[in-house]
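A quick write-up on the structure given underneath.
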There are 2 protein chains.
Amino acid sequence: MPTNRKPRVTIDQVAQATGVSRQTVSRAINNKSEIDPETRRRVLDAAQAMGYRPSRFARGLVRQDLITVGLVIADVLNPFFPEVTAGVLEAAERRGWQVVVYNTGSERRKELEVVDMLFDQVDAGVAFLLHHEAIAKATAGNLPFVLLDKGGRAPAVPGVRIDFEGGARRGLEYLIDRGHRRIAMLDDEAYLSAEAQNTRRELYLKVMGEHGIPVDVDWIQPAHNSIDGGAAAMERLLSAHRDVTAVFAYNDLIAIGAQLRARALGLRVPEDCAFLGFDGLSIGELVEPPLTTLHIDKRRLGEIAVEQAALLLGGMSEDEIPEAVIEPQLVVRASA
Amino acid sequence: MPTNRKPRVTIDQVAQATGVSRQTVSRAINNKSEIDPETRRRVLDAAQAMGYRPSRFARGLVRQDLITVGLVIADVLNPFFPEVTAGVLEAAERRGWQVVVYNTGSERRKELEVVDMLFDQVDAGVAFLLHHEAIAKATAGNLPFVLLDKGGRAPAVPGVRIDFEGGARRGLEYLIDRGHRRIAMLDDEAYLSAEAQNTRRELYLKVMGEHGIPVDVDWIQPAHNSIDGGAAAMERLLSAHRDVTAVFAYNDLIAIGAQLRARALGLRVPEDCAFLGFDGLSIGELVEPPLTTLHIDKRRLGEIAVEQAALLLGGMSEDEIPEAVIEPQLVVRASA
DNA sequence: TGTCTCTCCGTGAGCGCTCACGTGAGCGGT
DNA sequence: ACCGCTCACGTGAGCGCTCACGGAGAGACA
């Protein structure tokens, strides 16, 4: 696919065609003063006719403003990310920044690729990154870089931390308080290959342990991060443990899929099996019964990240960036 | 908010610090040949230490490749758009293009603003635009511009047409065939202020008329384009026409809200009232009963738009762009 | 010793634009 | 006639980089 671009029309060509100088054309285009209205019109008409459009590169080169941030997410189709994106877009717009979006699908190869690309193309990066090589690469360079979920990583890398530990604890203790003991977990399979630390699965193991509830590994089912993935995992779970009374899901998407499938298989929710999600997606309100979940303020998450990027861009060093934590809130609806 | 950027480190500064020439630094940075490995390492180390990062503007100025397209959507939070975005991102990535995202909220002021911005910042635009002034402005300039829903507009403006007429007809006739006569419509209120033509509302009026079913204007309720908006509109509708037997919604979001509220008010779906959506969002499968809808291949829509933008960028004139139509498909689930 | 190749490196030009000037014409005031 | 001013416009420089060269030095071979 040879995208043979048509040659660029330059400001000089417009100038020549109109019989004026570069500068006069520039004045016309940028709506500046010191130009005769009649001349402006002539120039503008010629520019229009010739298909002239100023080169953003030449412009950007001389005017050192206009900032572009790269937003790296796993998957636009996962409703979690649009909410974060909304926060990022809004905060960026307030600052007059542009936002370029990249999808990684949580694949290691793509994450690395995207990080590489970022270095060339943007002034700052704001990213969800799963694989620690990608994170290392991203934070090693000279590009201001903010992690949208820095997890348990060293404080030196700027970013927002989502307090999964607090959230998971609140959620699981809620389930335990309600009398549940046979609590399964549906984990995101993407974390199997990533050497992340302090994952929701580990927290699950930890909290359960603290409450003296032993869990066998097959109480943890990996699921693709989607509704269908949750459904499939639930089915596997049920065939191994029909007596499960509650499911703690990696996130709402998986929880919703699981709950849907459970109901399709004849279970009553929450009487036979309760479901607890994580993320607080608005689609959790659509299912029956509405999903109880640990709500994360995703919009705020995006905003904070942009603010941190702004500080970095302003020259603040990475370890001066204030610590930011998002606290998941238990939202009790009806599924648990 | 004075984002006092730290002064840029240039290639010359790195060159000076390392005691080599610009070109050698360039060779090191871009991983080219004709450079001693030892020198490369020294340069790279210095660059890293000095916080050097090549200016994308200077680069872009000399290498005329690297293309950026602007994607203009109404609202990232509306699940319709992420799907389109996914298609756009994918198609853009295949071409090595970047995608900058802009939100308009369907407001006239913001649409105009965004279009203005686009002209400065991108090489091509791909957009959902509601207000015809914004569309006029966008297509008048020299920027390759593709409409993601060109509606009934002149063929000269490139873009994808979604065959709402065919879709609406298929949907409404399905309802009529099933015996419905008192069919209400829940319209998107944003279209009240926009002078769009060939809207879903007009099609509703037309098809109903063709079947000899007279409709009073208060069978059409405007709704905010959201689930809550649909719910509120449904409540208004019911207070005027408790005897409605079917609802044709502007889109799935509104349909879902309406259906949810109807059920909350004690109506059985579809026995007492049937619901028909438009868009084919995947969240329509989550509600009970699953939503019958006119499915639009949103991903494909995004892809086609990018392909058209590529043709435009390649120098093809606007009227040579092949006509592209997306045909909505009736997906019968259980709500109607 | 000459010269031929190969490796490594530097130099000038130019991408398209804006900024800070400089300039000349026109005009009113004294 | 002179000054001073405004208005409209042009000129040179430079933003930071890459590309196409050109050239020095080292080693190989006659």
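All chains are named by letter (A, B, ...) in the order of the sequence lines, taking the proteins before the strands, and each is independently numbered beginning at 1.
For Ser33(B), there are no side chain to side chain donor-acceptor pair (under 3.5 Å) partners two or more places apart in sequence or in a different chain. Evaluation of the side chain to side chain donor-acceptor pair (under 3.5 Å) rule for Arg56(A) yields Thr68(B), Asp123(B) as partners, not counting sequence neighbours. For Arg300(B), the side chain to side chain donor-acceptor pair (under 3.5 Å) partners at least two apart in sequence or on another chain are Glu303(B). With sequence neighbours excluded, no residue satisfies side chain to side chain donor-acceptor pair (under 3.5 Å) with Arg63(B). For Phe128(B), the ring pair (Phe, Tyr, Trp, His ring centres under 6.0 Å) test picks out Phe80(B), Phe81(B), with sequence neighbours left out. Listed by chain and residue number, Asp75(A), Glu83(B), Ala86(B), Arg299(B) satisfy the side chain to side chain contact (heavy atoms under 4.5 Å, CB included) test with Leu77(A) (two or more places apart in sequence, or in another chain). Applying the side chain to side chain contact (heavy atoms under 4.5 Å, CB included) rule to Val325(B) yields the partners Arg161(B), Asp163(B), Glu323(B), Glu327(B); only residues at least two apart in sequence or on another chain are considered.
Asn30(A) places a side-chain heavy atom less than 4.5 Å from the side chain of Arg59(A). A heavy-atom distance below 4.5 Å is found between the side chains of Arg95(A) and Val306(A).
The neighbour count for Met117(A) CE, taken as heavy atoms of other residues, nucleotides or ligands under 6.0 Å away, does not exceed 12.
Using five terminal pairs a side, the axes of the helix from dT1(C)-dA30(D) to dT30(C)-dA1(D) at its two ends make an angle of 60°, given in steps of 10 degrees.
Interface limits on DNA chain C: the 5'-most and 3'-most nucleotides within less than 4.0 Å of chain B heavy atoms are dC8(C) to dG16(C).
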Please report, to 0.1 Å, the donor-acceptor pairs under 3.5 Å made by any side chain of residues 41-49 of chain A, with sequence neighbours excluded.
residue, atom, partner, partner atom, Å
Arg41(A), NH1, Asp45(A), OD2, 2.7
Arg42(A), NH2, Thr18(A), O, 2.7
Gln48(A), NE2, Ala140(B), O, 3.0

Using a cut-off of under 3.5 Å, enumerate the N/O to N/O pairs linking the protein to nucleotides 25-27 of chain D.
none

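In this structure, CD in Glu318(B) is found 8.0 Å from CD1 in Ile321(B), a value given to the nearest 0.5 Å.
Listed by residue number, the members of residues 23-41 of chain B with any heavy atom below 4.0 angstrom from DNA chain D are Gln23(B), Ser26(B), Asn30(B), Lys32(B).
Taking the nucleotide of DNA chain C with the nearest heavy atom to each of Arg22(B) and Gly19(B), the more 5' of the two is matched to Gly19(B).
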